[in-house]
Amino acid sequence: MYLSTSRAADASADTPAPEGPLRAVPGTVFALGLVSLVTDVSAEMVTAVLPLYLMAGLGMSPLAFGALDGLHQGATALLRLVGGRISDRTRRHKLVAGTGYALSAVCKAALLAVTTPWSVAAVLAADRTGKGLRTAPRDALISLSVPPGTQGRAFGVHRALDTAGALLGPLAAFGILWVAVDGYAAVFTVSACVAVLGVVMLALFVRQAPAPAAPRARVQPPVRSLLRIAGLRRLCLTAAVLGLFTVGDAFLYLLLQRRLDLSAVWFPLLPVGTAAVFLLAAVPLGRLADRIGRGRVFLGGHAALLGACLLLLAPLPAGALLVVGVPAALGLFYAATDGVLMAAAGPLLPPELRTTGLAVLQTAQALARFAGSLLFGAAWTMWGPGPALGAAAVGLLLSLAAVSVSGGLRAGGPS
């Protein structure tokens, strides 16, 4: 993330990669994946219980939850730019990322002290601030650790390890709710302890090779110069358009829980299917993106999300098709979009501004999803869940068609 691609590749060659499917992955990528795995166990323990905790436990309305869900994503937007800019200026990417991880760990512990919907919202906003601070430096480290032609594989491996944590987190929350008397407080306590472990692992096992000193007379170009890169502009516009109609998985799980009439104790298991499919598909889809084009795989992921919406809208009985189909489609959506978008952008950006450039793209997507969550929550409140989901599905279908016709992801092919 922190060196030029060629220097990073040379530096990472000293660290042997694991054998098998991970054989082409530098040690930096694998270590960051393990940190993300542990951190995601912590985060997904909270995420798995949060919708029911807020709406059933604390009485939050769908509109308010839509605002909170949007805040959960949008709070990272500006901090991504700040974190990216600081990382590129100081070349202390590990330190900036570690600060973000540490802030999120503190916020997990703070959930034990808040009991009202909007005090929870404030803590979650601070938690997302930590995520916003760390995401771009981490992704830039991955991008600069591998050559352009294998970006998809590297991000696929990292996201697969990350998603192993997303698979284990809901299972841990389910187990705690099953045995604990005060279940939510126990979930938050264990989550905070696991988050601290992630920070310790980052400090001990992730190494940042020293970056070459920049020439004294050289002045870094301003952030706005990044938007002069045509490919990056297209990626930002495409991510924003599609992000506006991306229904958050928390809403989809709530709709699925209503269709299946699940009790609260089983609710944390719904994300497990999504995480399992994400885990299995992340590396294959990353490699496929390197071969056939990252833009095609990215659009295919949004088509899978549309499929999840259509399954919930279809007059199907509450059975295996819904239980398996909706989480599986969500898993394919994340596997085909999360790392693939970063892999598409990385080769377009100069090494000295790689973190800032990725942050610009992530910010465009986060702001669009923030607006989309607000709109979906408002539509649910005014029209009900079914019509709101139908409107979102139509918007996503039209945006997919517009992006396909316009060629907005031409820059996303293999480099």
Side-chain angles (χ1 to χ4, degrees), residues 21 29 33 36 40 73 135 139 142-143 149-167 234-249 252 271-311 324-347 358 361-362 364-366 368-369 372 392-393 395-397 399-404 407-415:
V29 176
S36 292
D40 235 38
Q73 302 181 56
T135 300
D139 283 350
I142 297 169
S143 179
T150 59
Q151 298 271 314
R153 180 203 296 262
F155 278 100
V157 168
H158 175 269
R159 287 339 192 234
L161 290 169
D162 180 270
T163 307
L167 178 65
R234 286 195 296 269
L235 286 176
C236 287
L237 180 60
T238 299
V241 169
L242 294 173
L244 188 61
F245 298 102
T246 296
V247 182
D249 48 5
L252 294 178
V272 172
T274 296
V277 174
F278 191 171
L279 175 63
L280 293 173
V283 175
L285 287 178
R287 296 178 68 179
L288 181 66
D290 286 336
R291 290 200 301 269
I292 71 169
R294 292 156 193 158
R296 293 175 182 173
V297 174
F298 186 74
L299 292 180
H302 284 83
L305 175 63
L306 179 61
C309 296
L310 294 178
L311 279 174
V324 175
V326 173
L330 271 175
L332 288 174
F333 163 66
Y334 284 116
T337 57
D338 190 8
V340 169
L341 183 62
M342 297 299 101
L358 293 179
L361 178 56
Q362 292 164 358
Q365 186 179 57
R369 289 185 176 181
L396 182 57
L397 177 62
S399 62
L400 275 171
V403 170
S404 299
L409 277 168
R410 286 196 304 271
S415 300

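Note that these values count all heavy atoms, side chains included, but never hydrogens, waters or copies made by symmetry.
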side-chain contact (heavy atoms from CB on, under 4.5 Å) partners for [X], two or more places apart:
X	answer
A393	L306, C309, L313
L280	none
A368	A240
V241	L237, S399

Quick one: which of T274, L252, V272 gives a side-chain contact (heavy atoms from CB on, under 4.5 Å) with P327?
T274
Show the nearest heavy-atom pair for residues [X] and [Y], with the distance to one decimal.
X	Y	value
A239	L361	CB-CD1, 4.1 Å
A335	L285	CB-CD1, 3.8 Å
A154	I142	CB-CG2, 4.1 Å
L332	A281	CD2-CB, 4.1 Å
D249	L330	CB-CD1, 3.9 Å

Please tabulate, one pair per line, all N/O donor-acceptor pairs under 3.5 Å involving side-chain atoms of residues 156-166, not counting sequence neighbours.
unit_1: H158; atom_1: NE2; unit_2: S36; atom_2: OG; d: 2.9
unit_1: R159; atom_1: NE; unit_2: D338; atom_2: OD2; d: 3.3
unit_1: R159; atom_1: NH1; unit_2: D139; atom_2: OD1; d: 3.1
unit_1: R159; atom_1: NH2; unit_2: D139; atom_2: OD1; d: 3.4
unit_1: R159; atom_1: NH2; unit_2: D139; atom_2: OD2; d: 3.2
unit_1: T163; atom_1: OG1; unit_2: R159; atom_2: O; d: 2.5

Would T246 and F333 count as a side chain to side chain contact (heavy atoms under 4.5 Å, CB included) if you check the C-alpha gap in whole Å, the side-chain angles of each, and the deciding distance to 0.1 Å?
CA-CA 10 Å; T246 296; F333 163 66; 3.8 Å; yes
How long is the span from the [atom1] atom in [X] to the [atom2] atom in [Y], to the nearest 0.5 Å?
X	Y	atom1	atom2	value
R287	T150	CZ	OG1	11.0 Å
R296	R291	CZ	CZ	12.5 Å
T337	F278	OG1	CZ	7.0 Å
L341	T238	CG	OG1	9.0 Å

Flag side-chain contact, heavy atom, 4.5 Å: Q365 against L242:
no
Any heavy-atom pair between the side chains of M342 and Q151 that's under 4.5 Å?
no
Test of understanding: with ring-ring contact (aromatic ring centres under 6.0 Å, His included), list the residues that count as partners of Y334, not counting sequence neighbours.
none
